[in-house]
Asks: 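One structure is given below, represented as structure tokens, and several questions about it will come after.
This one's a predicted model, so the numbers in the text were calculated from it and none came from an experiment.
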Amino acid sequence: MTLLDRLGSTEAGWWVGRKIAPRVAVTLAPAAGYGVERIPAEGGAVIAANHFSAIDHPLIGAFSPRLIYFLAKAELLDIAVVGPVLRWLGVFGVRRGEGDREALRRARALVAGGQLVCVHVEGTRQRFGHPGAIQPGALMIAMQEGAPVIPCGLDTFGWSPRNRRKCAVVWGEPMQVDDLPRNRKGYAEAADRVGAEIVRLWRMAVAASAAGLPPELPDGARRSGINPRPMQH
């Protein structure tokens with residue numbers, strides 16, 4: 001059985017999870033999503049998001065109209081009970097600090113098969129309240145598959161179960177990076193392009209949280225609730 005043959009069980013997990021996880025997420029973190037209309041209704045893509053807290057994955061999933069496969073640190077999948085549930089919900093692991101070819105192969109297969117793969121492109125949580133340097137691995141997936149990158153900026157810094165602050169998720173327009181050469185220089189240029197857009201979106205997310213989650217952002221991105229429906233483009 002191939003990787004894509006197994007998607008049925010993950011899709012079932014995702015749709016069951018959507019009945020529960022988003023409601024839990026916004027209970028723990030009062031939040032809104034913006035720009036969900038920018039997510040293509042179909043086709044493979046890499047979601048490139050910044051990373052501050054444990055609530056990031058649930059919030060991204062809550063404000064996406066489509067199934068997302070998350071690339072996460074492999075150690076999470078080794079935790080009893082938690083690991084199998086995460087796998088069922090579409091999470092697969094990558095060994096950080098190593099050239100994990102198997103994880104990249106799985107991500108490329110998913111994107112080539114028309115799926116969305118989300119990667120926290122800094123490689124780890126950022127501890128100083130600002131998006132960090134972009135690691136090129138996720139962008140390599142998009143470049144090699146000729147797929148767009150969907151940038152995503154999150155304002156979740158400082159959130160914890162004891163500090164249930166307002167949070168925001170802001171989606172950007174899909175970006176093409178397959179015009180760049182597949183070498184060190186090209187990957188660096190892709191990281192610069194996508195990194196700058198993530199920072200812009202993150203700043204808008206910070207402003208939205210501070211403003212009490214307004215119905216629309218200055219760039220026209222509209223607020224959405226959890227479990228939005230796919231929008232045709």
Side-chain angles (χ1 to χ4, degrees), residues 1-19 21-22 33 35-49 51 56-58 60-74 76-77 83-96 98-121 123 134-152 169 171-180 182 186-187 190-191 194 227-233:
M1 182 179 291
T2 68
L3 172 64
L4 295 179
D5 290 333
R6 300 189 193 107
L7 295 186
S9 60
T10 300
E11 288 174 353
W14 170 265
W15 294 115
V16 171
R18 280 178 74 81
K19 299 293 185 181
V36 68
E37 65 276 5
R38 296 167 175 166
I39 301 173
E42 58 186 17
V46 174
I47 297 170
H51 191 21
D56 292 349
H57 278 190
I60 291 172
F63 295 109
S64 169
R66 293 179 55 189
L67 165 64
I68 297 176
Y69 291 82
F70 288 92
L71 193 60
K73 60 183 181 180
L76 288 176
L77 303 182
V85 171
L86 290 176
R87 288 190 182 91
W88 194 51
L89 293 173
V91 177
F92 62 102
V94 60
R95 296 186 298 275
R96 296 187 299 177
E98 304 178 29
D100 193 339
R101 293 185 179 181
E102 174 61 16
L104 292 177
R105 184 193 69 79
R106 294 185 67 184
R108 287 187 62 180
L110 287 163
V111 171
Q115 303 294 328
L116 299 180
V117 173
C118 181
V119 184
H120 289 298
V121 288
I134 303 299
Q135 303 299 315
L139 306 183
M140 291 170 63
I141 296 167
M143 293 170 71
Q144 290 166 356
E145 295 302 325
V149 175
I150 304 173
C152 180
V169 178
W171 299 96
E173 296 285 356
M175 304 175 67
Q176 294 294 336
V177 291
D178 57 350
D179 60 311
L180 297 171
R182 298 178 190 176
Y187 298 143
V194 175
N227 296 336
R229 294 183 177 181
M231 297 187 181
Q232 298 297 327
H233 294 263

Asks: Please give me the minimum heavy-atom distance between Leu116 and Gly43, naming the atom from each residue.
Replies: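 Nearest pair, atom of Leu116 first, then Gly43: CD2-O, 4.0 Å.
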Asks: Does the side chain of Met140 come within less than 4.5 Å of Leu104's, by heavy atoms?
Replies: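 Sidechains of Met140 and Leu104: no contact.
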Asks: For the NE2 atom of His120 and the SG atom of Cys152, what is their distance to the nearest 0.5 Å?
Replies: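 The SG atom of Cys152 is 8.5 Å from NE2 of His120, to the nearest 0.5 Å.
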Asks: Between CD1 of Ile68 and CD1 of Ile47, what distance do you get to the nearest 0.5 Å?
Replies: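 Between Ile68 CD1 and Ile47 CD1, I get 3.5 Å after rounding to 0.5 Å.
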Asks: Apply side-chain contact (heavy atoms from CB on, under 4.5 Å) to Ala142 and list each qualifying residue two or more places apart in sequence or on a separate chain.
Replies: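 In terms of side-chain contact (heavy atoms from CB on, under 4.5 Å), with neighbours along the sequence ignored, Ala142 is linked to Val46, Val149, Val177.
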Asks: Show every salt bridge (Lys or Arg N to Asp or Glu O under 4.0 Å) that has at least one partner inside residues 135-145, sequence neighbours left out.
Replies: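 Passing the test, one end in residues 135-145: Arg108-Glu145.
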Asks: Examine distances only and state if a side-chain atom of Trp171 and a backbone atom of Phe63 form a donor-acceptor pair shorter than 3.5 Å.
Replies: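 Checking the backbone N and O of Phe63 against the side chain of Trp171, a donor-acceptor pair under 3.5 Å is found.
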Asks: When you compare the side chain of Ile134 with that of Val194, does any pair of heavy atoms fall below 4.5 Å?
Replies: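 They are not in contact (no side-chain heavy atoms under 4.5 Å apart), so the answer is no.
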Asks: Taking all heavy atoms of Gln144 and all of Arg182, pick out the closest pair and write down the distance.
Replies: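 So the two residues come closest at O-NH2, 3.7 Å.
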Asks: Take Leu139 and Leu180, measure what side-chain contact (heavy atoms from CB on, under 4.5 Å) needs, and give me the verdict at the end.
Replies: CA-CA 11 Å; Leu139 306 183; Leu180 297 171; over 6 Å; no
Asks: Could you measure the distance from the CD1 atom of Ile150 to the CE atom of Met175? Nearest 0.5 Å is fine.
Replies: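 Ile150 CD1 to Met175 CE: 11.5 Å, rounded to 0.5 Å.
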Asks: Donor-acceptor check, side chain of Arg66 to backbone of Pro40, threshold 3.5 angstrom: yes or no?
Replies: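 Yes, because the side chain of Arg66 sits within donor-acceptor range (under 3.5 Å) of the backbone of Pro40.
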Asks: Who pairs with Gln176 by side-chain contact (heavy atoms from CB on, under 4.5 Å), at least two apart in sequence or on another chain?
Replies: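 Gln176 satisfies side-chain contact (heavy atoms from CB on, under 4.5 Å) with Pro148, Asp178 only.
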